[in-house]
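What follows is a single structure, written as structure tokens, with notes after it.
We use all heavy atoms of the structure for the numbers below, so side chains are in, but hydrogens, waters and symmetry mates are not.
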Amino acid sequence: MNVIDHVRDMAAAGLHSNVRIMSSLLLTMSNNNPELFSPSQKYQLLVYHADALFHDKEYRNAGCKYRMALQQKKVLSKTSKVRPSTGGTASSLQTQSLPSEIEVKYKIAECYTILKLDRDAIAVLDGIPSRQRTPKINMMLANLYRKAGQERSAVTSYKEVLRQCPLALDAIIGLLSLSVKGAEVASMTMDVIQSIPNLDWLSVWIKAYAFIHSGDNLRAINTICSLEKKSLLRDNVDLLVSLADLYFRAGDTKNAILKFEQAQMLDPYLIKGMDVYGYLMAREGHLEDVEVLGGRLFNISDQHAEPWVISGCHSFYSKRYSRALYLGAKAIQLNSNSVQALLLKGAALRNMGRVQEAIIHFREAMRLAPCRLDCYEGLIDCYLASNGIREAMGMANNIYKTLGANAQTLTILATVCLEDPLTQEKAKTLLDKALAQRPDYIKAVVKKAELLSREQKYEEGIALLRHALANQSDCVLHRMLGDFLVAVNDYQEAMDQYSIALSLDPNDQKSLEGMQKMEKEESPTDATVEEDGDDMEGSGEDGDLEGSDSEAAQWADQEQWFGMQ
């Protein structure tokens, strides 16, 4: 047994720090005396040393050593003669156990990917002949192709993964995300489904994810619910997270939060999907809970984007936009494919007035998640903020035509129409259609209430908001109802509605302002009593009421609701 064998055994045992020191010393010896080790031994030393560097996350250095190893392998392939070494001559068995050249190339590609040098990674993997590509090489290539926009090549690589491993579910999701038909994908797994017992659910699973990637959220929800109810798949955390995300995409915040909480209870160390959960909790005003959630996830792992996004959402809804921007950028650095991180950073940039930079982030989020409407909403908000009504209208019409006339797309189009005085009636028609489909859809209710406020149809607005609040409780709806009640001089109930809104979101500034103005104002009854008291004392002063009408008119005006989309 020679010294190289000892290094190989240490590497196999996971003694990376020991391998790094020993291989470094042996490589220096080899550099000073080239005759000391044979080409095959030097190749092994370089690979083991690179592996140790990779383990220590020194990816540039590791990549350099892997490339040096490949150069040494070329020398080895040209040499048939075995050179003498202090460790003895290399046997044919040793030659056969050399580290795989294909594996070394894969490691180089991994280094490039981590360093965000995707083109270099693709070039390395493309250099491997198709017949020699393992499933993990094809999987990495497929993901890199998809990220680079080379969809046809990505589809080919994903299909090759499935040919070799028909139960590779992430490859199935990759194909579905690239618009490959669910039936075609299912046909690639049919043999294994039929040959293995208790896999009949897989065809339904593929169907569900086909609905997800086609943007058919309601059918996807129904299909996953049917899967989740089956006894063998009940309480599966991945299914629950997917279901929660679907409810979120469909605008059903209540059920989304419920399913995220259920998944979190089943797996306290869950990270996936918690960024969306944290965003929803922050948007609902539960900032203390969001802070606790972020801290808990940081304790689990600070190398994932999710805890940084959650903390960023806490900062954003606390109106600390610079900090939210930093946290969003940190999340993107950890995971450039994090849609929620891109949306967070885009929203922070938008609110800081850096609209053009925000547009770039929302567009990238759209590219990664073409079926998520909040990506489009963020971009439309940017267009409207920069007076780009034509661009916003074009985007809204495109969403409407692509995803169909559902409550969400109708509301998005109506939102843009509300910005143009010439399309107010069209906005009203669109909102009526949206509410006919989903009477409880909060964004549609809010926009319809805004329109009624402009038209000073306060009684109609009150009826709309009361109907929407009959089966749900929402801070914005209660606050808007308070504003409408003030407009019709119902001060007492307006105060009640502001109080409810603040109980739901103690940080809602508009509700707080409404309540503070209410406290400054006097109801007509109280004013009469005070005036009578002053007359009895002979003061005759009524100056306290001066200007109250103008103040009431000021705070009764409906303020537009803004939230991070």
Can you list, pair by pair, the side-chain donor-acceptor contacts under 3.5 Å of residues 24-31, counting residues two or more places apart and other chains?
from	atom 1	to	atom 2	distance (Å)
T28	OG1	S24	O	3.0
N31	ND2	L27	O	3.3

For [X] against [Y], the heavy-atom pair lying closest together:
{"X": "G215", "Y": "C371", "value": "N-SG, 3.6 Å"}
{"X": "A324", "Y": "G312", "value": "CB-O, 3.5 Å"}
{"X": "P268", "Y": "I300", "value": "O-CD1, 3.7 Å"}
{"X": "L199", "Y": "I193", "value": "O-CG2, 3.6 Å"}
{"X": "C375", "Y": "V339", "value": "SG-CG1, 3.9 Å"}
{"X": "S195", "Y": "P197", "value": "O-CD, 4.1 Å"}

Are the side chain of [X] and the backbone N or O of [Y] linked by a donor-acceptor pair below 3.5 Å?
{"X": "S177", "Y": "G174", "answer": "yes"}
{"X": "E228", "Y": "D235", "answer": "yes"}
{"X": "T402", "Y": "I399", "answer": "no"}
{"X": "Y43", "Y": "P99", "answer": "yes"}
{"X": "Q41", "Y": "S38", "answer": "yes"}
{"X": "S157", "Y": "A154", "answer": "no"}
{"X": "R350", "Y": "V355", "answer": "no"}
{"X": "Q408", "Y": "R249", "answer": "yes"}
{"X": "S315", "Y": "R320", "answer": "no"}

Kindly assign one of parallel, tilted or perpendicular to the pair Y317 and Y279, based on the angle between their ring planes and the thresholds 30° and 60°. tilted

When rounded to the nearest 0.5 angstrom, what distance separates [atom1] in [X] from [atom2] in [Y]?
{"X": "L373", "Y": "I380", "atom1": "CG", "atom2": "CD1", "value": "9.0 Å"}
{"X": "L202", "Y": "T189", "atom1": "CG", "atom2": "OG1", "value": "5.0 Å"}
{"X": "K259", "Y": "Y277", "atom1": "NZ", "atom2": "OH", "value": "14.0 Å"}
{"X": "F362", "Y": "L342", "atom1": "CZ", "atom2": "CG", "value": "9.5 Å"}
{"X": "S242", "Y": "K272", "atom1": "OG", "atom2": "NZ", "value": "5.0 Å"}
{"X": "L287", "Y": "L293", "atom1": "CG", "atom2": "CG", "value": "12.0 Å"}

side-chain contact (heavy atoms from CB on, under 4.5 Å), that's the test. Do L46 and Q71 meet it? Break it down for me. CA-CA 10 Å; L46 284 165; Q71 290 297 320; over 6 Å; no

Applied to residues 100-120, the side chain to side chain donor-acceptor pair (under 3.5 Å) test, sequence neighbours excluded, yields R67-Y112, E103-K136, D118-K147

Consider only side-chain N and O atoms of [X] and [Y], and report whether a donor and an acceptor are under 3.5 Å apart.
{"X": "R283", "Y": "T253", "answer": "yes"}
{"X": "R323", "Y": "S318", "answer": "no"}
{"X": "K65", "Y": "N61", "answer": "yes"}
{"X": "Y247", "Y": "N217", "answer": "no"}

Take I212 and I224, measure what side-chain contact (heavy atoms from CB on, under 4.5 Å) needs, and give me the verdict at the end. CA-CA 10 Å; I212 290 173; I224 290 185; 4.0 Å; yes

I'd like a table of donor-acceptor pairs (distance under 3.5 Å, sequence neighbours excluded) in which one partner is a side-chain atom from residues 159-173, with atom names and distances.
from	atom 1	to	atom 2	distance (Å)
K159	NZ	E184	OE2	2.7
E160	OE1	R163	NE	3.3
E160	OE2	R163	NE	2.8
E160	OE2	R163	NH2	2.5
Q164	OE1	N138	ND2	3.4

Close side-chain approach of [X] and [Y], heavy atoms under 4.5 Å:
{"X": "Y59", "Y": "K57", "value": "yes"}
{"X": "Y145", "Y": "D126", "value": "yes"}
{"X": "I257", "Y": "M281", "value": "yes"}
{"X": "L76", "Y": "L98", "value": "yes"}
{"X": "L325", "Y": "R354", "value": "yes"}
{"X": "N222", "Y": "F211", "value": "no"}
{"X": "E377", "Y": "I412", "value": "yes"}
{"X": "L176", "Y": "V185", "value": "yes"}

The salt bridge (Lys or Arg N to Asp or Glu O under 4.0 Å) partners of E291 (sequence neighbours excluded) come to none

Checking I4 against F37 for the side-chain contact (heavy atoms from CB on, under 4.5 Å) test, could you report, in this order, the C-alpha distance in whole Å, the side-chain angles of both residues, the deciding distance, and whether it holds? CA-CA 9 Å; I4 306 299; F37 296 111; 4.1 Å; yes

More than 12 heavy atoms of other groups within 6.0 Å of M265 CE: no

Does R60 have more than 12 heavy atoms from other residues, nucleotides or ligands lying within 6.0 Å of its CZ? no

Qualifying salt bridge (Lys or Arg N to Asp or Glu O under 4.0 Å) pairs with a residue from residues 9-24, counting only residues at least two apart or across chains: R20-D56, R20-E58

Any salt bridge (Lys or Arg N to Asp or Glu O under 4.0 Å) pairs touching residues 198-217, not counting sequence neighbours? D216-R219

Given the options Q340, E357, H361, K345 meets side chain to side chain donor-acceptor pair (under 3.5 Å) only with H361

Yes or no on side-chain contact (heavy atoms from CB on, under 4.5 Å) for F260 and V241, after CA distance, side-chain angles and deciding distance? CA-CA 6 Å; F260 276 128; V241 170; 4.3 Å; yes

